[in-house]
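As the structure is a computational prediction, the values presented were derived from the model and not from experiment. Note that the numbering runs from 1 along the sequence shown for the chain.
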Amino acid sequence: MRLTELLSKLSYTCLQGSVDVEVTGIYNDSRRVKEGSLFFCIVGAVSDGHTYAAEVAAKGAAVLVVQNKVEVPDSVTVIQVEDTRYAMALISAAWYGNPAEKLKVIGITGTKGKTTTTYMIRSILEAAGHKVGLIGTIEAIIGDEVIPASNTTPESVKVQEYFARMVEAGCDSVVMEVSSQGLMLHRTAGIEFEIGIFTNLEPDHIGPAEHGSFEEYLQCKAMLFRQCKLGIFNADDPHLAQILEGHTCEVVTYGLVEESDYHASGLHLVSDPGYLGIAYDLTGKIQFPVQLDLPGKFSVYNSLAAIAVCDHFGVSNENILTALKSAKVKGRIEMIKVSDDFTLMIDYAHNAMSLKSLLSTLKEYQPKRLVCLFGCGGNRSRSRRFEMGEVSGQLADFTIITSDNPRFEEPEAILADIEVGIRKTDGEYIKIVDRKEAIRYAIHHGQPGDVIVLAGKGHEDYQEIRGVKHPMDERVLIAEILEEDAAAAQ
């Protein structure tokens, strides 16, 4: 493709060379650069792409897109822009033929609920006959292909590549998680979203490597609503007014307040051994009773957002209800049937805030005992371990402390840190380092009416030890334990 076509929507200065050159590929990874390709010099948190300018020129790069001046041979075209990440988003879209223009793009932002809501929306739209791509924390889904994710919102080159492959696979729409980091780093720049969704906002991702302040975090989330046609907002969130500042979209709301366009009332918990759910009455733009095979008030909010999206798409009430019943997310309050006496579930809760939210929700079902099994990752903040231990000690009736991803730390040392937090409470606990043995203990000691949650791993199917990711899926571990029990009973 000609460079002039790639630059058509950008303001730029050509520092040297010609814009009338053919480009053979676009890259932001210097290791992948080939003869005739374009390289983006990205200023990152760890490295600066400008330092690789001479190296990629020697590899045959025809074009460099830069923020700062670089020294390369005169034969290399150098394009200077104000922000190379923003330029990368627009050039990537052009390279792949602006695929977002051929899709209905639905973006979801917020502190919590993005992943579950994404799958709910996809489930309902697919049931109604749409072919829907997905980009999120767990994976990207393109037709029958499932690609494990490394970022909630991938770099713009990858986003546009996925969009192009979705169009080729016959998708008419895509639902994606849009993180605050993704917005701040322009990974979705230039995309006109059909719908943007705001779930909620709590202090999170604040720190040197992420957002400098809560205000910056909020402002990054709000960017989505200046590049979408319709905004669907949680009316109950206290930060809604700030999120709406500067919005350019049509506004629709959902929540428990009566003024919401999609209003839930009459919430009541539903439970049986091995099953937790919640039901409510939907009123407002559409009206019908809803029952979800997922626990907690947060599931109501996620479903309301999904219903609002699908109503916009003209999906029938019957299809919405049927699909909501079948919408499941791997590792998000995922119930695994192991007994007729007690409930066992897997959840990704891996910090104090998410664990507190999860355990508080489960306590509302008044289980005989609430049992929490979890560990903490190695080479991460020790304070997280103290905090999670204290939360579990306060809210769970019994805690099983075990290993998570120890990485380059000794698992016993991590468990000892968690124990420091739990000892601040009156909570009962046991330490079992081996995670499979810990799960076996939880199952074997389950009592009628218990709710047991395996927290921290969620969708992950590995355990990272000393730089190596070993296969470890809790669903597989549970199945192995049940098979071993059955064999032993014969």
Side-chain angles (χ1 to χ4, degrees), residues 1-44 47-103 105 135 153-168 171 174 182-194 223 226-229 248:
M1 184 178 285
R2 306 301 288 181
L3 178 58
T4 48
E5 295 177 68
L6 296 175
L7 298 173
S8 62
K9 294 183 179 179
L10 274 173
S11 296
Y12 64 90
T13 302
C14 183
L15 298 181
Q16 67 179 56
S18 168
V19 294
D20 190 30
V21 294
E22 191 72 21
V23 173
T24 59
I26 59 172
Y27 303 102
N28 64 319
D29 183 340
S30 61
R31 295 167 295 187
R32 299 182 61 204
V33 168
K34 297 180 176 64
E35 188 77 29
S37 59
L38 178 152
F39 178 69
F40 301 101
C41 295
I42 303 295
V43 180
S47 63
D48 183 347
H50 293 81
T51 62
Y52 298 99
E55 178 187 322
V56 296
K59 283 185 172 183
V63 181
L64 298 185
V65 177
V66 304
Q67 286 175 213
N68 309 315
K69 292 185 178 180
V70 293
E71 290 188 15
V72 290
D74 293 342
S75 58
V76 179
T77 297
V78 179
I79 302 296
Q80 187 175 41
V81 294
E82 185 176 339
D83 188 317
T84 47
R85 284 191 179 276
Y86 181 81
M88 182 165 68
L90 270 60
I91 289 172
S92 299
W95 175 260
Y96 285 104
N98 297 301
E101 295 176 4
K102 305 175 185 75
L103 296 163
V105 185
I135 300 173
T153 308
E155 285 288 4
S156 55
V157 178
K158 186 60 68 176
V159 169
Q160 297 297 337
E161 178 196 334
Y162 285 167
F163 283 177
R165 289 169 61 184
M166 287 172 188
V167 170
E168 190 175 335
C171 294
V174 53
L183 287 159
M184 180 176 72
L185 299 175
H186 302 303
R187 291 174 183 167
T188 58
I191 299 170
E192 183 180 30
F193 290 84
E194 177 74 14
M223 289 170 65
R226 294 191 285 276
Q227 60 182 105
C228 66
K229 297 176 185 177
T248 57

Engineer: Within the distance-only criterion (no hydrogens, no angle test), does the side chain of His50 pair as donor or acceptor with the backbone N or O of Asn68 below 3.5 angstrom?
Structural biologist: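 Looks like yes, one N/O pair under 3.5 Å.
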Engineer: Any idea which heavy atoms bring Glu194 and Lys229 closest together, and the distance?
Structural biologist: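 Closest pair (atom of Glu194, atom of Lys229, distance): OE1-NZ, 3.3 Å.
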Engineer: More than 12 foreign heavy atoms under 6.0 Å from CZ of Arg226: is that the case here?
Structural biologist: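 Result for CZ/Arg226: enclosed.
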Engineer: Which atoms form the tightest heavy-atom contact between Phe163 and Pro99, and what is the distance?
Structural biologist: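 It is CB-CG, 3.5 Å.
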Engineer: Side-chain contact test, heavy atoms from C-beta onward, threshold under 4.5 Å: evaluate it for Glu82 versus Tyr12 and give yes or no.
Structural biologist: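 A side-chain contact is absent here, since even the closest heavy-atom pair is not under 4.5 Å.
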Engineer: Ignoring hydrogens and angles, tell me if any N or O in the side chain of Gln227 forms a donor-acceptor pair with the backbone of Ile191 under 3.5 Å.
Structural biologist: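 Here the side-chain-to-backbone pair exists.
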Engineer: Does Glu161 come within less than 4.0 Å of Lys158, counting only side-chain N to carboxylate O?
Structural biologist: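 Yes, charged N to carboxylate O under 4.0 Å.
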Engineer: Is it true that a side-chain atom of Gln16 and a backbone atom of Val76 form a donor plus acceptor pair closer than 3.5 Å?
Structural biologist: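 Answer holds: yes.
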Engineer: Kindly say whether Val19 contributes a backbone atom to a donor-acceptor pair with the side chain of Thr77 at under 3.5 angstrom?
Structural biologist: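 Side chain of Thr77 to backbone of Val19: no pair is present.
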Engineer: Quick check: closest heavy atoms across Phe40 and Thr84, and the distance to 0.1 Å?
Structural biologist: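 For Phe40 and Thr84, the tightest heavy-atom pair comes out as CD2-O, 4.4 Å.
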Engineer: Quick check: does any side chain N or O of Lys59 sit under 3.5 Å from a backbone N or O of Arg32, one acting as donor and the other as acceptor?
Structural biologist: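 It does not hold such a pair.
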Engineer: Above 12 or not: heavy atoms from other molecules or residues under 6.0 Å from NZ of Lys9?
Structural biologist: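 Counting other residues, nucleotides and ligands, NZ of Lys9 stays at 12 neighbours or fewer.
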Engineer: Walk me through whether Val78 and Cys14 qualify under side-chain contact (heavy atoms from CB on, under 4.5 Å).
Structural biologist: CA-CA 6 Å; Val78 179; Cys14 183; over 6 Å; no
Engineer: Taking atom CD of Glu22 as the centre, report whether more than 12 heavy atoms of other residues, nucleotides or ligands fall under 6.0 Å from it.
Structural biologist: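 Result for CD/Glu22: enclosed.
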Engineer: For Ser92 and Gln160, indicate whether the former's side chain and the latter's backbone hold a donor-acceptor pair under 3.5 Å.
Structural biologist: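 No; zero donor-acceptor contacts below 3.5 Å.
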Engineer: Working note: Leu3 + Asp20, criterion side-chain contact (heavy atoms from CB on, under 4.5 Å); need CA distance, chi angles, decisive distance, verdict.
Structural biologist: CA-CA 6 Å; Leu3 178 58; Asp20 190 30; over 6 Å; no
Engineer: Under a 4.0 Å N-O cut-off, is there an ion pair linking Asp83 with Arg85?
Structural biologist: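 A salt bridge is absent here (no side-chain N lies under 4.0 Å from a carboxylate O).
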Engineer: Should the heavy atoms of other residues, nucleotides or ligands under 6.0 Å from CD of Glu168 be counted, would the total exceed 12?
Structural biologist: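 Counting neighbours around CD of Glu168, 12 or fewer heavy atoms of other residues, nucleotides or ligands fall under 6.0 Å, so no.
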Engineer: Side chain of Gln80, backbone of Thr13: donor and acceptor closer than 3.5 Å?
Structural biologist: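 No.
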Engineer: State, to 0.1 Å, how close Ser11 and Val81 come at their nearest heavy-atom pair, and which atoms those are.
Structural biologist: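 Answer, listing the atom of Ser11 first, then Val81: O-CG1, 3.9 Å.
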Engineer: Write out all pairs satisfying ring pair (Phe, Tyr, Trp, His ring centres under 6.0 Å) with one or both partners inside residues 61-101, taking only residues at least two apart or from two chains.
Structural biologist: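 For residues 61-101: Tyr86-His186.
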Engineer: In terms of heavy-atom contacts, does NZ of Lys69 have more than 12 from other residues, nucleotides or ligands at under 6.0 Å?
Structural biologist: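 Count not over threshold, so no.
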Engineer: Return yes if some donor-acceptor pair links the side-chain N/O of Thr153 with the main-chain N/O of Gly182 below 3.5 Å, else return no.
Structural biologist: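 No, the answer is negative, given that no donor and acceptor are paired below the 3.5 Å cut-off.
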Engineer: Side-chain contact, heavy-atom cut-off 4.5 Å: Asn28 with Met88?
Structural biologist: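 SC-SC contact between Asn28 and Met88 confirmed.
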Engineer: Kindly indicate whether the side chain of Ile79, heavy atoms from C-beta on, has any atom under 4.5 Å from the side chain of Leu7.
Structural biologist: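 Side chain of Ile79 against side chain of Leu7, heavy atoms only: contact under 4.5 Å found.
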